[in-house]
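Along the sequence shown, residues are numbered consecutively beginning with 1.
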Amino acid sequence: MKSPEVEQRQVVVIGAGPSGAIAAALLKRNGHDVLVLERQRFPRFSIGESLLAHCLDFVEEAGMLEAVQAAGFQTKHGAAFAWGERYSEFDFRDKFTEGKGSTYQVLRADFDQLLADQAARQGVEIRYTEEIVAVDFSAPRPQLSVRRLADGAEYRVECAFVLDGSGYGRVLPRLLDLDRPSAFPLRQALFTHIEDRIDTSSYAGRGFDREKILITTHPTLRDVWFWTIPFSNGRCSLGVVADASRHQGRPQDLDACLKQFVAETPSLSRVLQNAVWDTPVRALGGYAANVKRLHGPGFALLGNAAEFLDPVFSSGVTIAMRSASMAAGLLHRQLGGETVDWESQFAIPLKRGVDTFRVYVEGWYDGSFQDVIYYQKAQPEIRRMISSILAGYAWDQHNPYVAEPKRRLQVLAELCAMD
Ligand SMILES: Cc1cc2nc3c(=O)[nH]c(=O)nc-3n(C[C@H](O)[C@H](O)[C@H](O)COP(=O)(O)OP(=O)(O)OC[C@H]3O[C@@H](n4cnc5c(N)ncnc54)[C@H](O)[C@@H]3O)c2cc1C
């Protein structure tokens with residue numbers, strides 16, 4: 001007989017970030033009972049403000065697209081890259097893979113709250129300021145220990161399945177010893193929000209485009225890069241990513257350090273010459289993470305709770321939502337009595353796209369993908385294939401640069417370097 005104090009639920013989702021909110025809504029739409037447990041009170045700050053077009057496919061699937069479109073977020077049509085006098089831009093509306101060509105640049109506090117509220121409107125129960133502190137997967141039905149942050153009281157929930165969307169909290173990887181070190185070197189991001197006062201009429205001889213993220217390569221340190229993500233309220237997110245060795249000899253003070261990186265980069269300094277720096281700079285390091293496996297009996301890992309590669313191509317939220325959509329679909333079938341294989345139907349197909357991004361992230365830092373991006377004479381069809389990947393369509397096996405990313409990138413980089 002079940003002990004009465006253990007709450008009985010069908011599915012528990014850990015975390016109400018993008019992966020948790022999308023997964024919960026999709027399961028609810030399919031008639032399942034879903035409880036989301038979120039440690040923080042929303043709205044809360046999160047990094048990751050530049051979305052890719054593909055993530056809106058999952059927002060749409062979860063019935064939230066109209067609400068996102070009506071929220072007044074900054075429209076985004078693509079990505080621009082600058083290195084010294086070189087400038088290159090990719091418009092997601094001009095891409096090889098069919099699908100969405102536009103998306104948004106968002107304050108994540110607002111975006112994540114909107115998604116969570118939309119899930120709640122669809123009937124998902126979300127409990128904020130309640131934290132998962134322990135798990136027990138020894139019985140067929142997993143049990144979770146939950147602490148209410150308001151009074152410190154703990155209670156237990158038992159369910160058929162747990163989806164871990166806890167992001168950097170990495171709840172199940174930590175508690176089930178699933179963590180595996182990332183192969184990427186330790187990098188650190190320094191970032192802030194500024195009142196940008198960008199003069200859109202003069203930049204790179206063509207005007208600054210608020211509808212694109214701007215990625216700027218440091219003039220001499222090619223593995224150091226900046227993001228500039230304009231919002232719709234006259235402000236923007238600004239950050240620099242550099243590995244630990246690049247911080248040596250620089251100011252310890254985070255504000256001074258970010259300002260020094262910017263001052264060394266004339267094209268970006270010009271863009272930000274009138275900016276008002278009104279928010280303390282924050283640092284986040286060692287964010288790349290990996291796991292031994294993405295699923296086990298009674299659970300699957302979503303989004304950042306599984307693997308996080310690197311921020312350079314803004315792929316985090318898209319991968320998080322794609323994993324949520326795949327897991328929710330598979331779990332729906334499992335709860336309906338079907339036998340499903342989480343390895344071949346979830347982990348392997350999800351990793352295919354993640355591995356595509358991985359090749360281009362590695363190519364960014366070793367310079368080969370930068371050679372391609374900054375190459376001015378690439379064939380339009382090849383740029384359209386690259387544009388698809390930058391728009392998030394990294395699972396489209398019809399795209400040769402997705403199907404064979406390593407070989408294609410190597411050949412293309414060699415051609416660009418020869419010219
Ligand atoms: C420097 C940097 C820049 C980035 N830029 C971008 C970008 O431009 N575009 C992009 O798409 N991605 C970007 N990312 C990645 C992006 O931040 C993440 O991929 C994305 O937020 C993952 O979503 P998620 O739902 O998996 O997790 P999160 O958004 O992290 O949500 C997890 C939630 O789980 C909750 N939680 C944690 N522990 C517990 C617990 N014990 N119990 C209950 N709840 C818990 C947390 O409070 C949180 O609300 C960037 C990342 C970094 C490091």
Taking side-chain contact (heavy atoms from CB on, under 4.5 Å) as the test, write out the residues that go with E211, two or more places apart.
Q74, T75, H77, D209
The side-chain contact (heavy atoms from CB on, under 4.5 Å) partners of A391 (sequence neighbours excluded) come to A53, F92, K95, Y393
Enumerate the side-chain hydrogen bond (donor to acceptor under 3.5 Å, both in side chains) contacts for residues 235-246, please, sequence neighbours excluded, ordered by first and then second residue.
E49-S237, D223-R246, W227-S237, R235-D278, R235-T279, D243-S245
Report, as yes or no, whether the 6.0 Å neighbourhood of atom NZ on K406 holds more than 12 heavy atoms from other residues, nucleotides or ligands.
no
Answer yes when [X] and [Y] have at least one side-chain N-carboxylate O distance shorter than 4.0 Å, and no when they do not.
X: R141; Y: D136; answer: no
X: R293; Y: E343; answer: no
X: R127; Y: E38; answer: no
X: K100; Y: E60; answer: yes
X: R250; Y: E264; answer: yes

Sequence neighbours excluded - ring pair (Phe, Tyr, Trp, His ring centres under 6.0 Å) pairs with any residue from residues 12-34
H32-H332
Mind jotting down which residue pairs meet the ring pair (Phe, Tyr, Trp, His ring centres under 6.0 Å) criterion with at least one end in residues 142-177? Sequence neighbours excluded, please.
F161-W342
Excluding sequence neighbours, so at least two apart, what forms side chain to side chain donor-acceptor pair (under 3.5 Å) with R44?
D112
Over 60° means perpendicular and under 30° means parallel, so tell me whether W364 and F313 are parallel, tilted or perpendicular.
perpendicular
Give me the one residue out of F369, Y365, Y401 that meets ring pair (Phe, Tyr, Trp, His ring centres under 6.0 Å) with Y360.
F369
